[in-house]
Amino acid sequence: MSMNEFLENRKSVRDFKSKNLSDSDLQKVESIIFDINNSAKKHDVSFKLYKDGSVVYNALDGEGGYGGAMIKANHYIAMEADKNNEQSMIFGAFYFENLITKLDALNVGSCWVTISNASEESKKRAFGENCNVDFLLAMGYAPSEFGFGKKKFSSRIGVEEFVCDKSLSTPIDIDKLQNYGLDELFSYLRFAPSTKNEQPWRFVLNDDDLDLYIKDYKGIENLIDAGIVMYYYTELANYNSIDANWVVKDNLSDKDNYKYIASVNF
């Protein structure tokens, strides 16, 4: 699979077939969640499958989703993360995207659902007493194929607008990215989803790694944006035979209206 195919195969499905996932597929989903939880636990985040989607939907309908329009699905996966722990929210998003990739390989559709505005009482009815859930994956069989599609590739900022050269004030020279073999990666990375499609991420190219910042940081949703773009970088880097590893540098901090997130090799 090429970088382009990776993007075009990403699915956001909001309408699902009425039938539940087969027992076999549900077992596979539980196995995927188990493996991801083993990796994610160090970031104080975990995921849980709710097989009876009607309980979750009925509890959150009118409060969760987009403007209270809850996405109806046969099943949901909840992200339990500490909203007071930035790394928990960032890597919660990172591993949610990993889940989407693995669900897609099972021909299972999914989409993000925000329930941060839902009341605590509604969340308790949906998930029980001991949970800290602001984001879900709605999940089920898609009625037809969905992907990014080429039409969605039209209105995005240029690479020079979100990649910088050693300083946040210096736009990158595309020739330099080509010399590093990163031009194609960033050309595709600009299609990563973000809140209101604002594309707030900014990368600073150093001699041997990249620093990720968020411009005009607005809160938890931007931490989610960061986690998503980190996952996309990791996956796209893999096509360049790069084993990308994200670390937080102790010597870096926020700068003016830029919030430092993490750094990655290339």
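The first residue in the sequence is number 1, and the count goes up from there.
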For the residue pair [X] and [Y], confirm or rule out a side-chain donor-acceptor distance under 3.5 Å.
X	Y	value
E235	T101	no
E63	S122	yes
N38	D35	no

By side-chain contact (heavy atoms from CB on, under 4.5 Å) - contacts of [X] (at least two apart):
X	value
E184	M3, Y188
S169	S167
D175	D173, Q178
S241	none

Filter on salt bridge (Lys or Arg N to Asp or Glu O under 4.0 Å), then keep only pairs touching residues 124-134, sequence neighbours left out; what's left?
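Qualifying pairs, neighbours excluded: K83-D134, K123-D134, K124-E129.
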What residues form a side-chain hydrogen bond (donor to acceptor under 3.5 Å, both in side chains) with [X], not counting sequence neighbours?
X	result
K28	none
N58	none
Y95	none
K176	D165

Do L252 and V229 belong to the same hydrophobic cluster, where Ile, Leu, Val, Met, Phe, Trp and Tyr are linked whenever their side-chain heavy atoms lie under 4.5 Å apart, directly or via other members?
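In one cluster with L252: V229, no.
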In one Ile/Leu/Val/Met/Phe/Trp/Tyr side-chain cluster, 4.5 Å: V204, M230:
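Cluster IDs for V204 and M230 differ.
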To the closest 0.5 Å, what do you measure between [atom1] ([X]) and [atom2] ([Y])?
X	Y	atom1	atom2	answer
N238	D243	CG	CG	8.0 Å
L103	N98	CG	CG	9.5 Å
L26	N20	CG	CG	7.0 Å
E97	S110	CD	OG	8.5 Å
D25	L106	CG	CG	6.0 Å
K255	S253	NZ	OG	7.5 Å

Measuring only between side-chain heavy atoms, which start at C-beta, is [X] closer than 4.5 Å to [Y]?
X	Y	answer
M89	F135	yes
I228	W112	yes
N245	V264	no
L60	L136	yes
L189	V159	no
C164	I172	no
T234	F94	yes
Y232	P193	yes

Does atom [atom1] ([X]) have a neighbourhood of more than 12 heavy atoms from anything else shown, all under 6.0 Å?
X	atom1	result
K42	NZ	yes
D250	CG	no
N179	CG	yes

Side-chain donor-acceptor pairs under 3.5 Å in residues 43-53, sequence neighbours left out?
residue: D52; atom: OD1; partner: S54; partner atom: N; Å: 3.2
residue: D52; atom: OD1; partner: S54; partner atom: OG; Å: 2.5

Using side chain to side chain contact (heavy atoms under 4.5 Å, CB included), reason through M70 and V113 one step at a time and then give a plain yes or no.
CA-CA 8 Å; M70 184 65 183; V113 183; 3.9 Å; yes
F162 and its ring-ring contact (aromatic ring centres under 6.0 Å, His included) partner, picked from Y258, F191, W201, Y233
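It is W201; the other options fail the test.
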For the residue pair K19 and Y141, would you count it as a cation-pi contact if the rule is NZ or CZ under 6.0 angstrom from the ring centre and within 45 degrees of the ring axis?
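Output yes; distance and angle both within limits.
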Face-on cation placement of R14 at Y66 ring, 6.0 Å and 45° thresholds:
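Judged by the rule (NZ or CZ under 6.0 Å from the ring centre, within 45° of its axis), R14 counts as positioned above Y66.
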Over all atoms of both residues, closest heavy-atom pair of A262 and W246:
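In this case the closest contact between A262 and W246 is CB-CE3, 3.8 Å.
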Please tabulate, for the side chains in residues 205-219, all donor-acceptor contacts under 3.5 angstrom to protein atoms that are two or more places apart in sequence or on a different chain.
residue: N206; atom: ND2; partner: D209; partner atom: OD1; Å: 2.8
residue: N206; atom: ND2; partner: D211; partner atom: OD1; Å: 3.4
residue: N206; atom: ND2; partner: D211; partner atom: OD2; Å: 2.9
residue: D207; atom: OD1; partner: K166; partner atom: NZ; Å: 3.1
residue: D209; atom: OD1; partner: K249; partner atom: NZ; Å: 3.4
residue: D209; atom: OD2; partner: K249; partner atom: NZ; Å: 2.8
residue: D211; atom: OD1; partner: K249; partner atom: NZ; Å: 3.0
residue: D211; atom: OD1; partner: S263; partner atom: OG; Å: 2.6
residue: D216; atom: OD1; partner: N257; partner atom: ND2; Å: 2.8
residue: Y217; atom: OH; partner: G219; partner atom: O; Å: 3.4
residue: K218; atom: NZ; partner: D216; partner atom: O; Å: 3.3

Using a 3.5 Å distance criterion without hydrogens, assess whether the side chain of E161 forms a donor-acceptor pair with backbone atoms of G158.
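Checking the backbone N and O of G158 against the side chain of E161, a donor-acceptor pair under 3.5 Å is found.
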List in chain and number order the residues that pass salt bridge (charged side-chain N to carboxylate O under 4.0 Å, His left out) with K72, two or more places apart in sequence or in another chain; answer none if no residue qualifies.
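Per chain and number, K72 pairs via salt bridge (charged side-chain N to carboxylate O under 4.0 Å, His left out) with no residue.
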Hey, would you say the F266 and Y180 ring centroids sit under 6.0 Å apart?
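That pair passes the under 6.0 Å test.
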